[in-house]
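As C-alpha cells, the structure follows; a few thoughts come after it.
Per chain, numbering begins at 1; letters A, B, ... match sequence-line order.
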Amino acid sequence: MDKKPVPLEFEQPLELLAQQIDALEKQLADHPELDRDIERLQKQYDQLRRSLYSKLRAIDHLAIARHPQRPYTRDYFQRWDACWIELHGDRKGADDPALVCGLLHMGAMRVVAVGTQKGRSLRDKQQCNFGMPQPEGYRKALRLFHHAEKFRLPVVTLIDTPGAYPGMTAEEHNQAEAIAVNLLELSGLTVPVIAVVTGEGGSGGALAIGVANRILMLEHSVYSVISPEGCASILWRSADKVSEACQAMKMTAREIMQLGIVDGVIDEPLGGAHHDYDVAAENAKRAIIQQLEELSKHSAEEIRRDRQNKFRRIGAFAEA
Amino acid sequence: MDKKPVPLEFEQPLELLAQQIDALEKQLADHPELDRDIERLQKQYDQLRRSLYSKLRAIDHLAIARHPQRPYTRDYFQRWDACWIELHGDRKGADDPALVCGLLHMGAMRVVAVGTQKGRSLRDKQQCNFGMPQPEGYRKALRLFHHAEKFRLPVVTLIDTPGAYPGMTAEEHNQAEAIAVNLLELSGLTVPVIAVVTGEGGSGGALAIGVANRILMLEHSVYSVISPEGCASILWRSADKVSEACQAMKMTAREIMQLGIVDGVIDEPLGGAHHDYDVAAENAKRAIIQQLEELSKHSAEEIRRDRQNKFRRIGAFAEA
Amino acid sequence: MDLKEWFASRQKRNETHLVKQPLTTEEYCALWTQCFQCRELLYTRDLRNNLHVCPKCQYHFRIGALQRIEQLTDPDTFEEIDPDLVSTDPLGFFDTDSYPNRQAEATRKSGLKEAIITGLCKIDSLKAALGVMDFGHFGGSMGSVVGEKVTRLTERAQEKKLPLILVSSSGGARMQEGILSLMQLAKTSSALKTFADEGLLYISILSEPTYGGVTASFAMLGDIIIAEPGARIGFAGRRVIEQTIKQKLPVDFQTAEYLMKNGQVDLVVERQALKETVARLIRFHQPPSPAPAFVERKDRKTVTTAKKS
Amino acid sequence: MDLKEWFASRQKRNETHLVKQPLTTEEYCALWTQCFQCRELLYTRDLRNNLHVCPKCQYHFRIGALQRIEQLTDPDTFEEIDPDLVSTDPLGFFDTDSYPNRQAEATRKSGLKEAIITGLCKIDSLKAALGVMDFGHFGGSMGSVVGEKVTRLTERAQEKKLPLILVSSSGGARMQEGILSLMQLAKTSSALKTFADEGLLYISILSEPTYGGVTASFAMLGDIIIAEPGARIGFAGRRVIEQTIKQKLPVDFQTAEYLMKNGQVDLVVERQALKETVARLIRFHQPPSPAPAFVERKDRKTVTTAKKS
Ligand SMILES: [Zn+2]
Ligand SMILES: [Zn+2]
C-alpha cells in the first residue's frame, strides 16, 4: 500500500482533527507553546479513533469491506508466497480473471488457493467484472478443487465478491449450475477446506467457494444472502434504507460468528486492512495455518464428515 | 424408408438393366412372348447384383456408407425402442444436435445410448453440422457416460461422422480437450461399452465415443484416421486420388476386422442398409445384445480391464 | 390445513359450482378463470380437470404444492413427513413489518405452514420421496425450514433407497433469515452429494418460477432435470440482468425452452405427461434382478453403507 | 544416432565454429542463423547458448528432442528406454512412395529412429519420466511406436511412482499406419487414466507445433499444461478451419497466448524458465513426510496397488 488511506465518510471527524494537528505542527517552529495543544489534540485524536472503531455500525463495516484500497486476493497470495504459481483456465474456453487460482506455500504447507479478485485499476476492474465471477470462473475453481483432492492438498479460498455476475451469457452458460455443482463437489472433498471472507461475501457467488471445514472472516468483512442494496430495494422498496438492511441482515463478522456459522474472526489493523496490507496478510495467514494444522490431524473421511456435519447443523426452526 | 433407394454411380449398370426390364414389362400385355426375355434379363440382373456387391472397392463402401438415405442414429434408436427418452444438453450452455443421447431399452436390457447424427433435411443437416459434433456435444456425451457409470447401465454408441467439427469456436472451446477427456473417461468406465460404426468413422471425432469393450462395424461402414479426401490431398497432393487413399488406408469393415480392431461385422441388406432400415436395425440390435449378454457375465473391474487391455494391445512395431 | 382438509374443502368448492342460482361475484370468480396468455375465459373446473393447463393455448398455470402432489402421486399414497417444522425468527428481523407477522400472513394466504411439502408416496405404483415447493407461500423462498425439510427428505430417501423427486418453484433464498438462508444452499447440496454417492436417482422438476438460491443448489443438481413448458428459470432475475448489462433481453430469455436450447435441462415436459414421464424414468433406473455381474460392485458398496448406519 | 553420439557430434560442430579461416557456405550457414520473426542474423552458437530463443525478439525456435532433453534434464542423467522400437508397415502403405522408404528418409533427416524419445532422468535433482517428441522426424506424427513408447513410459512412471513429463510437437496421427495410428489416441489416454488414478503428477508441455491426434489425446490431459510462447496448438489445422468456415482467422489464432486467453493452458512459460518451472511443480506436488492424517487414505490405496503388481 503506497498511497495513504482515503478516509471514509464516517471517518470525517477523525480526518478534521488530523488536519488541525497538521496545521498546528506547521506553526510549531515559530510558536513552540503550541506543542501542548498538539499533544492535547493528539490525545483527543487517539481517543476518538479508538471509540469510533469500537462502535461501528454495520454499514460502516460494509464501507471498510468495500474500501477501494482494501487488499484483494492477489495482495494476500503475493505476501503469503512471493513465488506462488497461478494456474489458468477452465480448459473449456475461458479463463475468468475474477477468480484467481494457484498453488502456494503457507508456512510449511502447500495449498491450492482460490479467491475472487475485484481488480484495482479501472481496466483491471472491468476485466474482473468488479469481482463478480462468470460460470467459467467457478468451473476453473472446481478444476482446482479436484486437483487438490487428487494430490491431497488443502484448499484455501478467499471471498471478496458482490456476488456471481448477473449477465446474459452468464445465465446462458448456467451460472446457477456452476454454483450448485461447486457446493456439491466442495462438500465431498476429503482434504481440508478453509474459507476466509476478506471483504464482501455476496450470496451464492461467495458460497460457491465457501463450503469449508472452517470459515473465517476478517474483522470488518461482511457476509450476506443478498446485497444490502438489493435487500433494501426489495423489502423497503427504497434505496436509502441500505443502513437498515445491513443492520437487519446481521452481516458483520461478529454477528455471523454469534450465529455459529463463522469459526473465527481475524483482527485487522486499526481502521481496516487497507491501513497495512502486511499485517492483514500476516494475521490471515496465522489464522489459516492454525486451522489447517488442527485439521491435518484428522483422516480423509473425518475431514469430509466434519464439513458435511458443519453445514448439516445450520438452520433455525421449531417443531410446532 | 419411404423413397426408393437412389442408385450410386457404381450401381449404374444395374440400374440400366432394371430400366430395360421395366420397359419390357410395360409391353408384356401386348407381346406375351417377351416374358422369356424378361426372365433372362432378371437372371442377369440378379447375377450382376450379387457379383457387383461381392467385389466392391473401398471407395464403393465409402459411397454406401455416405449414401444420403443411409439410416442415421435416430432411425436406429427409434426402431430399437419406440419410446426411448432423449436427454439433452451439456448443462453448461449448449445442446449439440449432432450428438444424440438417450435412455433406451434393447430387448431386456436398459442402456445409455449415444450417437452422432448427420441430419436428413438440409435444415436438419445444418443444425447437425452434417454430423460433425462441437466440443459441447462430446461433453454432453461425457455427462451421459457418467450417468451410465453411476446407474450401472451399459453404454451403446453409434458412430457416423466425418469427424469433429473444425470450426473457430470449436477450437476456442477446446475440441481437442473434449475428445481427449472422453477417451480418458471412457477407458475408466466399469460398465460395458459397445461401439458400432454405422456409417463413417471419421478420426478422433469418432473415437471420442468409440473407446469400447467391443467395436462392431456395419458391413459397408468405414473407419479411418483421416478422411480419404484429406489423405489424398496431403499424401498425393491431388483430390482425384481419393480411391487410392481409401484403398491404402484399409478403412473397410473387413480390413479393420483383419487388423484385429473390430470384433464383429454386421450384415447389411443387399445393396446397403438404406435398402431396408428395419433389417439393418434388427441386425445391429441382435449383434449388440449378444455382446452385452456376454459382457454382463463379467465383474465391474473385469469390464474395465478388458477395455483397457483391448486398446493396450493395438499397434504394430518391431524391437530392432 | 393438512392434505385431508384440503381435499375436503376442494370437494366443497366443486359442489358450489353445481348449485344453479344467481352467482355472487366471488362465486363467479371461483367459477371462471381467464387465461393469462390467450385471455380465453375458462370454466375453472375444466381448467382444474385439465391440470390447470389452458386447453386453448397450453399455457401452464402456476399451481400450489397440494395440487401438484395430487397430480403426481397415486391417490391416497402421499404421506407427509415433517409437517410441523416451522421457521423461528433467528435474526429478530424487522423491515416494514416483523418476520413472524409476515410468516403468519403467508400462511393465511397459502394455507401452508411453509414453502415446501415433503413426503413419501407412490407414483404409478412406484415408491418415491417427493418434495414440492409452493410459490404461493412466501414466494417459495428458502429459509431454514425449506432447507431442513429438503435435507431430511433426501436423507429419508437415501435410508429407504428411494428415488428422490423435487419440484421447485421459488423466488430464491429468504432474506429474513439472512445468512442462515444462504447456508441452506450448502446444506441441501451436501445432502445430495451423499445421496448421489449411493447411486440413487434424483429427478429435479423446475416449474414457474425457479430462481436464485434454489436454482443455484438442489434444483440444478438432478441426475435428470425436467422443466415445465414456459416456466421461467434462472439464477439472477430478468430486471437485475437488464440493469447490469443495460440492454433488453429476448422475450423468451430464461424460459424452459430457452434453457433447453442452451443445454441446461434434459427435458421440457407438458404437465399432462409429467407423471408418466417421471414414472418411466424411475422404472428405467431401477436395477433389475438378477443384476448383471458388473453391478455386483455397487451392491457390495450399498451393503457396507447399510452396515455403517 | 543415440544421445552420446549426438553430444559428441555437437561438440565437433562447436569446434568447427572456432576454426579461423575462410568459410564454405555450409560452414557459414552452420555459423549464422536468421530469426524467422525479427529477421535478425544471429551467431548460431549464441542462439544455442540462449536455448534457441532469439535474444532480440524472444522468438522460440523449434528444437529437436535431443536439444530439449539437454535443456530440461540434469547433465548425464537421462537414460533412454525403448530406444530400438521401430515402426513396421502393417498396411503395406504406398502413396507416391512406400512407408518404409519414407521412414528411412525421415531417419536420414532427423537422425532419429522415431518421433519421440522416452526415458528416465533427473530435473533439478528430481527423478522424473520424460518423453520428448521431435517434429523433425516424420512431422512428429504419432504411429504405433510413438503410442507404444508413450504408453510404456507412462507405465514405467506409474510403477516407479515418478512424475511424468511429456513434451509434445506433432502434426497429428501418422496416416501411413491408418486406423492403428488413430487407436494410439485411445491407448495413451487409457494408460494416463490408470496413471492418474494413482494420484501421480503428469505435466504436459506443448511446443511449436502441436496438432491433431496428439493434442486430442495425451497433450491435453496434463494435470498441468504448459505451452511455450508463440507455439501453435490446436485440433484442426488453420487452413482446414478457414476452408470450413469460409473466413480468415485472427493472426494469433491457436497460439499459446490465444489458448491461454481461452482457458486451455495453465501457463505459458519461456524456454529459459521452463526447467525451473517444471522442477518447482514437481517439488510442489511431492507429498511431504510425515504426511498429514488426511493423506493416509491415499497411502493405503497406493499400498494395495503395490500389492497387486
Ligand atoms: Zn390460454
Ligand atoms: Zn528474433
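In this structure, no portion of Phe218(C) lies under 4.5 Å from any heavy atom of chain A. Interface residue Leu184(A): backbone and side-chain heavy atoms are both found under 4.5 Å from chain C. There is no contact between Gln243(C) and chain A, counting heavy-atom distances below 4.5 Å. Contact of Phe253(C) with chain A is made through the side chain alone, with heavy-atom distances under 4.5 Å. In this structure, chain A has heavy atoms under 4.5 Å from both the backbone and the side chain of Leu192(C). At a 4.5 Å heavy-atom cutoff, the contact between Val211(A) and chain C is made by side-chain atoms alone. Of the two parts of Arg304(A), only the side chain, counted from C-beta on, holds a non-hydrogen atom closer than 4.5 Å to a non-hydrogen atom of chain C. Interface residue Pro250(C): only side-chain heavy atoms are found under 4.5 Å from chain A. Proximity to chain A is limited to the side chain of Gln184(C), based on heavy atoms less than 4.5 angstrom apart. Proximity to chain C involves both the backbone and the side chain of Ile314(A), based on heavy atoms less than 4.5 angstrom apart. In this structure, chain C has heavy atoms under 4.5 Å from both the backbone and the side chain of Leu235(A). In this structure, chain A has a heavy atom under 4.5 Å from the side chain of Gln254(C), while its backbone stays farther away. For Leu186(A), no part lies under 4.5 angstrom from a heavy atom of chain C. For Leu221(C), the part lying under 4.5 angstrom from a heavy atom of chain A is the side chain only.
Listed options Asp89(C), Leu91(C), Asn262(C) were ranked by heavy-atom pairs under 4.5 angstrom with chain A; first place goes to Leu91(C). With chain C as the partner, the residue from Met249(A), Met168(A), Glu177(A), Lys250(A) showing the most heavy-atom pairs under 4.5 Å is Met168(A). Listed options Gln175(A), Glu319(A), Arg312(A) were ranked by heavy-atom pairs under 4.5 angstrom with chain C; first place goes to Arg312(A). Between chain A and the options Ser181(C), Pro90(C), Ala186(C), the largest number of non-hydrogen pairs under 4.5 Å is found for Ala186(C). Most heavy-atom pairs under 4.5 Å with chain A, from the set Met175(C), Met220(C), Gln264(C): that is Gln264(C). Across Ile225(C), Ile179(C), Val214(C), Leu249(C), the residue that shares the most heavy-atom pairs under 4.5 angstrom with chain A is Ile179(C). With chain A as partner, the option from Thr194(C), Val240(C), Asp97(C) having the largest number of non-hydrogen pairs under 4.5 angstrom is Thr194(C). Between chain A and the residues Leu259(C), Leu85(C), Asp82(C), Ile245(C), the largest count of heavy-atom pairs under 4.5 Å involves Leu85(C). When each of Ser187(A), Pro166(A), Gly315(A) is scored by its heavy-atom pairs under 4.5 Å with chain C, the top score falls to Pro166(A).
Of the N and O atoms on the side chains of Gln134(A) and His173(A), not one donor lies less than 3.5 Å from an acceptor on the other residue. Between the side chains of Ser190(C) and Arg307(A), no donor N or O sits under 3.5 Å from an acceptor N or O. With hydrogens and angles left out, the side-chain atoms of Asn101(C) and Ser98(C) include a donor and acceptor closer than 3.5 Å. Inspection of the Thr107(C) and Arg102(C) side chains reveals no N or O donor paired with an N or O acceptor under 3.5 Å. Remark: the Glu177(C) side chain and the Tyr99(C) side chain contain an N/O donor-acceptor pair separated by less than 3.5 Å. Judged purely by distance below 3.5 Å, without hydrogens or angles, the side chains of Thr252(A) and Glu255(A) pair a donor atom with an acceptor atom. For the 3.5 Å distance criterion, the side chains of Ser87(C) and Glu114(C) qualify, holding a donor opposite an acceptor. Counted by atom type alone, Glu172(A) and Tyr258(C) present one or more donor-acceptor pairs between their side chains at under 3.5 Å. With hydrogens and angles left out, the side-chain atoms of Glu80(C) and Thr118(C) include no donor and acceptor closer than 3.5 Å.
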Would Gln247(C) and Glu242(C) count as a side chain to side chain contact (heavy atoms under 4.5 Å, CB included) here? Give the steps.
CA-CA 5 Å; Gln247(C) 67 186 64; Glu242(C) 288 184 332; over 6 Å; no

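Atom-to-atom distance recorded for Leu180(C):CG and Leu259(A):CG is 5.5 Å, nearest 0.5 angstrom.
For Arg232(C), the CZ atom is loosely surrounded, since the number of other residues' heavy atoms within 6.0 Å does not exceed 12.
When the options Ser224(A), Pro228(A), Ser227(A), Cys231(A) are evaluated for a side chain to side chain contact (heavy atoms under 4.5 Å, CB included) with Cys246(A), the one that passes is Pro228(A).
When atom types are taken as modelled, the side chain of Thr161(A) and the backbone of Gly131(A) share a donor-acceptor pair closer than 3.5 angstrom.
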